[in-house]
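Read through the structure below, which is laid out as structure tokens, and then see the notes.
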Amino acid sequence: MVLSALLPPPLRPRNPSQPPISAASVHPRTAPLRRPGCGGTTGLALRCRLVIRALDAAQPFDYESRASELLDRRSKLKIGIIGFGNFGQFLARTFAHQGHALLAHSRSDYSDVARSLGVSFFRDPHDLCEEHPDVVLLCTSILSTDAVLRSLPIQRLRRNTLFVDVLSVKEFPKNLFLQLLPPDFDILCTHPMFGPESGKNGWAGLSFVYEKVRIGDSGGRAERCRRFLEIFEREGCRMVEMSCTDHDENAAEIQFLTHTVGRILAKLDLKSTPINTKGYETLLDLVENTCSDSFELYNGLFMYNKNSTELLERMDVAFDSLKKELFGRLHDILRKQLFEFDRKG
Ligand code: NAP
């Protein structure tokens, strides 16, 4: 981008009747620094505060600071968060910290918490859409996404708004977006592979998966998408570009499995003991990490990832086979004892 295109017109003297003052009249090497009460060009004069009166002499510095301010402002996005629950608020904290303008709407009234985070909260989604955010970020539960998206007055948005989702399943929102959003809207499907618990000490090194489903190449649309992804890059996330299909295949194992094991362990009501091992502590942590997410989220991982059903079946088979191995050995020992007893008897 040509820098001069960003710059304001040259500065003019505040008082138009004031005669133009040349830069030479204040240039330290060509003009005497003579001010009332300051004496001549002696050491005393040099100790007086330098007042730059020639505006053209002041411009290079002024231009630079204004241009960088302008560039900084232009790199910020106006992000409308739909679904301001646990995860929406968690993301908003970092977005706000990076200086983006944030708007939010949710089924519940989060006005107070939004205010404390510097987010403008809109009870009515029409009002949020009329603010024309650059990005609409869907942070609702997986199960409610379809209904929430259908209820959004997207006709009030700018014609080529960027839609992003953060759902923990990916094929489902991708298909939904392609089906419900007008062709002029851009679509970015993402999954930050961390949450309020695992990301509480920062996002560095944590994975961020995304697929650019549809990004137009006109009028800075690619740049807008890049700037959104940059939010996560700046926090040090491991950026992984991956298709939604591949994500769901992998996520069934790494995510649904983890959550299922955590929830099974929670049903055992495990307690901390004075002789905890490291392994047992890991299990207690797993229960805490997984059960602090809503059951609705877990249910969504099951319902909207077709690979999850197969994984549950594989877990059943694996558990049965393990039990068979254990009880088979026990059975062998009992039988041996029984027959030895018979022979002796
Ligand atoms: P969640 O229980 O999956 O979703 C809660 C959000 O969904 C709240 O904003 C809630 O709105 C909204 N919601 C639920 N039912 C609704 C309905 N019937 N109509 C309208 N809105 C409804 O918990 P979450 O942890 O906040 O997750 C939000 C999204 O982020 C999910 O899609 C999840 O997969 C994704 N995600 C979560 C994590 C995580 O670690 N938590 C990580 C990555 C991605 P109200 O609060 O206003 O009722």
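Order of listing sets the numbers, starting from 1, for every ligand and every atom in it. A quick note: this is a predicted structure, and the numbers were derived from the prediction, not measured.
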Are side-chain heavy atoms of [X] and [Y] found at a separation under 4.5 Å?
X: Tyr298; Y: Cys291; result: no
X: Met315; Y: Ile264; result: yes
X: Phe194; Y: Ser207; result: no
X: Met193; Y: Ile254; result: yes

Ligand 1 contact by [X], heavy-atom criterion under 4.0 angstrom:
X: Pro196; answer: yes
X: Pro192; answer: yes
X: Met193; answer: no

- Item | Check: Asp186 side chain, Gly216 main-chain N or O, donor-acceptor pair, under 3.5 Å | yes

Flag the pair [X] and [Y] as a salt bridge only when some basic side-chain nitrogen lies within less than 4.0 angstrom of an acidic carboxylate oxygen.
X: Arg150; Y: Asp146; result: yes
X: Asp134; Y: Arg158; result: yes
X: Lys174; Y: Glu171; result: no

Using a strict 4.0 Å cut-off to heavy atoms of [X], name the atoms of ligand 1 that fall inside it.
X: Ser168; answer: 33 (C), 34 (O), 35 (C), 36 (N), 43 (C), 44 (C)
X: Ser144; answer: 13 (N), 14 (C), 15 (N), 16 (C), 17 (C), 18 (N), 19 (N), 21 (N), 22 (C)
X: Cys139; answer: 6 (C), 28 (C), 29 (C)
X: Leu167; answer: 32 (O), 34 (O)
X: Phe84; answer: 9 (O)
X: Ile142; answer: 32 (O), 34 (O)
X: Asp293; answer: 39 (C), 40 (O), 41 (N)

Would you call the rings of [X] and [Y] parallel, tilted or perpendicular, where under 30° means parallel and over 60° means perpendicular?
X: Phe232; Y: Phe95; result: perpendicular
X: Phe163; Y: Phe185; result: parallel
X: Tyr304; Y: Phe172; result: tilted

Structural part of [X] in contact with ligand 1, heavy atom criterion under 4.0 angstrom:
X: Asn86; value: both
X: Ser294; value: side chain
X: Phe194; value: backbone
X: Glu197; value: neither

Among all the protein's non-hydrogen atoms, which is closest to [atom], and how far away is it?
atom: atom 35 (C) of ligand 1; answer: Val166 O, 3.3 Å
atom: atom 30 (O) of ligand 1; answer: Phe87 CD2, 3.4 Å
atom: atom 10 (C) of ligand 1; answer: Arg107 NH2, 4.4 Å
atom: atom 32 (O) of ligand 1; answer: Thr140 O, 2.7 Å
atom: atom 20 (C) of ligand 1; answer: Val148 CG2, 3.5 Å
atom: atom 7 (O) of ligand 1; answer: Ser141 N, 2.8 Å
atom: atom 40 (O) of ligand 1; answer: Gly195 CA, 3.2 Å
atom: atom 46 (O) of ligand 1; answer: Tyr110 OH, 2.5 Å

- Message: If you compare all heavy atoms of Ile81 against all heavy atoms of Ala92, which two are closest, and at what distance to 0.1 Å?
- Response: CD1-CB, 3.9 Å

- Query: Taking all atoms of both residues into account, what is the closest heavy-atom pair of Lys212 and Leu229, and its distance?
  - Reply: CE-CD1, 3.9 Å

- Query: When you check the side-chain N and O atoms of Glu296 and Ser141, is any donor under 3.5 Å from an acceptor?
  - Reply: yes

- Query: Judging by distance only, is a nitrogen or oxygen of Ser106 under 3.5 angstrom from one on ligand 1?
  - Reply: yes

